[in-house]
Amino acid sequence: SICVLCGLTDDCTEKYGEKRTYVEYNLTVHYYCLLMSSGIWQRGEEDEGVDGFLITDIRKEVNRAARLKCNICKKKGASIGCVAPKCKRSYHFPCGLQRECIFQFMEDFRSYCWEHRPVQEFTDKEPRGASQCTICLDLVEHLPLYTVLKSPCCKNAWFHRECLQYQALSAGIFFFRCTVCNNKDKFQKEMLRMGIHIPERDASWELEENAYQDLLHCYQHCDVKRCLCRKGRDYNEPDSKWEIKRCQYCGSRGTHLACSSMRSWEENWECMECRSIFATSGKYSKQKKRALATSEKTNGTTCLLEEPSPKSPRQSSGSPRNFLLHSPKIMCQNLSPCSHRELPASNRMTMSLSPVMSNGSWSLRRLREQRKEVSNILKELKVQVKTKPTRLNINAENIWSSALKGFRQRIFSPTNTIEVSFSNSKNRSKTSTSAASKHHFFQLLMLHLQNSSLFEGSSGKNLSLDFQALEENLYFEAGKMIAVSLIHGGPSPGFFSKTLFKCLVYGPENVKPALEDVADDDVAQTIKKIKYANSLSSLQSTLQDCCEFLAAAGCLRPVTALCDKNMLVNDILICHVIKKVTLPLESFRQGLKTLGVLEKMQMHPDAFSSIFCHKPERLSAKTLCDLFTIHSSSDVNKVEGAGFWTGYLHDVESGESVVTLEDILLFVTGSCYIPAIGFDPEPTVKFLHIRYPIGNRLLNCLELPITETYQQFKNKMEFTIRNTLGVEGE
């Protein structure tokens with residue numbers, strides 16, 4: 001059958017796209033011929049007509065093309081025209097390929113004839129001669145030819161056009177990238193400009209059914225020297241002592257839990273081969289176990305749990321979801337043989353403040369779990385930070401300028417320990433450098449960024465277009481500051497819109513913005529008028545009123561049906577929310593790559609959205625009870641010190657105290673907020689025979705006096721905290 005647009009019977013998917021025949025409409029067409037035709041648009045839904053091209057529109061386009069002669073083969077039916085101004089050349093798609101025209105499979109699907117086609121720049125410094133095409137490994141000459149393309153991101157990477165096209169069709173938009181440096185965004189943008197078609201689908205190897213079936217096979221064999229299982233080394237019974245646990249490093253060796261004396265599935269196990277390798281390299285150390293609420297023994301056995309493994313908590317068979325909070329206090333109730341009653345009094349008090357949450361609190365519980373996960377990830381990144389200090393001199397009255405100056409100084413390095421000293425522009429006196437100064441600096445810096453001209457919107461903010469900021473590279477600096485703040489103990493940003501976060505993580509080309517992302521009220525009203533138009537006449541009237549706006553946005557097009565408004569609204573949103581800030585977004589992303597933060601965001605998007613798109617949880621008595629671990633001596637159990645502490649926190653929360661929960665946290669740690677990375681070391685409470693409370697900020701330890709009555713305890717807490725913070729404020 002013959003394609004109605006080009007007149008050829010060829011069925012070459014790589015060259016002309018899929019050839020489709022619709023018997024009911026007596027219609028056969030090449031997909032690329034349809035895409036590149038100049039007089040047709042997708043006015044239908046994806047499942048209507050031919051991928052959104054309505055059958056009536058296709059017939060109209062065939063009739064239009066029948067009057068146009070191809071400038072190459074001289075036959076009628078040339079449906080594609082060169083978009084260059086004043087150029088009147090028309091041609092069939094196969095003829096254009098043969099004559100080396102360029103077809104851009106993006107945006108408006110523009111076509112350029114052989115005379116006006118875009119070319120790559122070749123400077124005099126370009127190496128002449130030939131090199132290997134990194135795809136087919138044959139030689140490719142370094143010449144400005146249609147058949148030769150060079151990489152925009154690697155100086156010495158050259159390709160055959162045909163090789164790149166086959167690679168793009170196979171890899172799809174998610175995996176097509178430079179074969180030398182692995183760059184994706186810059187490489188794809190240039191290849192699309194030069195006429196390489198990158199299909200918007202997954203890679204061909206991902207679409208093949210059961211392609212990775214062999215990789216899903218789990219190793220199930222007990223390899224320890226003496227297997228205790230009577231049913232043999234290959235026997236595996238989940239949720240029992242005869243479940244097989246694989247080596248946490250290689251995964252190619254296994255053991256029954258009972259054969260290696262493991263108490264639970266959560267414990268990690270290493271095979272002898274991996275253990276010997278690590279021992280030889282000097283990097284192996286047996287993983288430490290941590291006590292739950294106390295290091296004391298109960299009934300002769302120590303109640304211990306390993307650090308959480310990278311795997312998610314195991315769900316027991318029989319219950320659809322048995323979620324466990326990461327708090328050791330909760331885990332003790334569920335997993336350990338220790339009973340609540342057997343624990344010391346101080347620990348019973350702590351445990352009673354952490355009940356298992358109900359289904360109604362699932363979203364909050366999930367948010368806390370995600371933030372805990374982010375904290376652990378950020379701690380992994382913090383190993384890059386060295387003890388060598390970098391001093392930032394910050395003017396409290398001009399936080400942005402002094403921060404920018406500090407981050408741009410030649411000696412500044414994100415991997416150095418940051419020390420902050422505040423100065424006052426009037427008397428130039430400096431405060432002492434301390435952890436409190438650093439926490440306060442990052443808090444002020446994040447607050448300034450949130451309200452700066454770099455972002456727009458009310459609650460969930462998107463990037464704005466500030467040409468001066470773009471010229472001064474401030475978007476990069478802002479991204480860098482946020483990344484550094486997260487690693488060095490700053491607060492969670494908490495003001496990103498979901499659209500901005502998705503653009504950073506998934507790439508702007510894969511994000512669909514919503515109406516609430518539009519910060520400009522006039523633009524939002526215009527979009528609403530289009531979106532809620534209830535008739536074709538009212539829609540066309542609205543478009544007539546805002547034709548200048550639509551033309552500036554590149555969205556002005558003929559509208560012949562009411563359903564056209566949906567695609568139009570989507571295009572306006574993409575233009576106004578995403579395309580407008582393409583350069584700021586790329587610069588901001590580069591800044592967030594500092595210390596590997598963006599890479600971790602892309603690997604754990606759900607977790608990081610909890611600190612970027614959600615405001616930090618307000619401090620509560622329960623939050624501080626969970627945050628502080630009580631360390632007590634044996635004689636403290638005879639007094640009600642732990643009860644006084646928790647009771648005082650509840651009084652503070654209910655407003656029955658002159659201090660706030662933020663004051664208490666500031667008194668102990670030097671920070672009035674909980675950093676995204678958490679505290680290091682973790683905050684603790686000690687009950688000692690002292691007169692007044694002591695906040696040891698170096699150890700994040702709160703030393704509390706033992707008193708006979710609660711009122712004595714409360715009076716001493718308020719007197720000490722108010723006076724200490726009052727002196728610091730002065």
Side-chain angles (χ1 to χ4, degrees), residues 183-186 374 377-378 381-382 384-385 390 392 399-409 412-416 418 441-457 460-511 517 577-605 607-614 675-677:
N183 180 285
K184 178 181 176 182
D185 296 338
K186 189 175 181 181
V374 170
I377 295 169
L378 294 178
L381 293 177
K382 194 179 179 182
Q384 307 169 73
V385 179
T390 292
L392 298 180
I399 189 77
W400 174 249
S401 296
S402 52
L404 196 60
K405 182 179 179 181
F407 272 71
R408 285 178 169 176
Q409 61 183 329
F412 178 81
S413 171
T415 58
N416 287 351
I418 294 177
F441 161 66
F442 282 127
Q443 185 182 25
L444 292 177
L445 184 59
M446 291 302 106
L447 187 62
H448 175 88
L449 280 175
Q450 180 177 351
N451 299 312
S452 71
S453 62
L454 302 180
F455 297 90
E456 63 181 15
K461 293 181 178 285
N462 291 296
L463 288 177
S464 64
L465 180 57
D466 186 326
F467 289 105
Q468 184 177 350
L470 193 60
E471 186 177 344
E472 296 175 6
N473 205 27
L474 297 187
Y475 291 98
F476 171 82
E477 298 294 348
K480 180 180 178 181
M481 288 175 181
I482 291 175
V484 170
S485 172
L486 290 174
I487 303 299
H488 287 267
S492 305
F495 61 86
F496 284 32
S497 72
K498 292 183 179 180
T499 297
L500 173 56
F501 183 78
K502 289 177 181 178
C503 285
L504 295 170
V505 172
Y506 304 114
E509 67 277 4
N510 300 313
V511 178
D517 291 315
V577 177
I578 295 180
K579 287 186 179 180
K580 184 181 72 172
V581 295
T582 300
L583 293 177
L585 181 64
E586 181 56 33
S587 182
F588 190 62
R589 290 182 75 186
Q590 293 301 320
L592 274 175
K593 288 182 179 179
T594 304
L595 294 170
V597 171
L598 180 61
E599 183 181 355
K600 291 296 184 182
M601 288 170 60
Q602 293 169 334
M603 293 171 63
H604 308 275
F608 273 90
S609 69
S610 67
I611 67 167
F612 277 91
C613 302
H614 299 272
I677 197 173

### Query
Distance-only, no hydrogens or angles: does the Thr390 side chain make a donor-acceptor pair with backbone N or O of Ile418 under 3.5 Å?
no

Mind listing the closest non-hydrogen atom pair of [X] and [Y] along with its distance?
| X | Y | answer |
| --- | --- | --- |
| Ile399 | Ser402 | O-OG, 3.2 Å |
| Pro414 | His488 | O-NE2, 2.8 Å |
| Leu598 | Arg589 | CD2-O, 3.5 Å |
| Lys461 | Gln450 | CE-O, 2.9 Å |
| Ser464 | Tyr475 | O-OH, 2.6 Å |
| Pro491 | Met446 | CG-CG, 3.8 Å |

Which value, rounded to the nearest 0.5 Å, describes the distance between [X] atom [atom1] and [Y] atom [atom2]?
| X | Y | atom1 | atom2 | result |
| --- | --- | --- | --- | --- |
| Cys613 | Leu500 | SG | CG | 7.5 Å |
| Glu456 | Ser497 | CD | OG | 9.5 Å |
| Leu444 | Trp400 | CG | CH2 | 13.5 Å |
| Cys503 | Asn462 | SG | CG | 7.5 Å |
| Leu504 | Thr499 | CG | OG1 | 11.0 Å |
| Phe608 | Leu592 | CZ | CG | 10.5 Å |

Is there a side-chain contact between [X] and [Y] in this structure, where contact means two heavy atoms from C-beta onward sitting under 4.5 Å apart?
| X | Y | result |
| --- | --- | --- |
| Gln384 | Ile487 | no |
| Val374 | Lys600 | no |
| Ile611 | Leu486 | yes |
| Phe612 | Val505 | no |
| Val581 | Phe588 | no |
| Phe467 | Pro584 | no |
| Gln409 | Leu392 | yes |
| Leu445 | Ser485 | no |

### Query
Thr594 and Met481: side chain to side chain contact (heavy atoms under 4.5 Å, CB included), yes or no, with the steps?
CA-CA 9 Å; Thr594 304; Met481 288 175 181; over 6 Å; no

### Query
Hey, is NZ on Lys405 packed in by over 12 heavy atoms from elsewhere, all under 6.0 Å?
no

### Task
Might you confirm whether atom NZ of Lys580 has over 12 heavy atoms from other residues, nucleotides or ligands at distances under 6.0 Å?
yes

### Query
According to the interplanar angle, ranging from 0 to 90°, do the rings of Phe407 and Phe441 count as parallel (below 30°), tilted (30 to 60°) or perpendicular (above 60°)?
tilted

### Task
Given side chain to side chain contact (heavy atoms under 4.5 Å, CB included), test Leu378 with Lys382 step by step and report yes or no.
CA-CA 6 Å; Leu378 294 178; Lys382 194 179 179 182; over 6 Å; no

### Summary
The side-chain hydrogen bond (donor to acceptor under 3.5 Å, both in side chains) partners of Gln468 (sequence neighbours excluded) come to Glu472

### Side-chain donor-acceptor contact under 3.5 Å, Ser413 with Thr415
yes

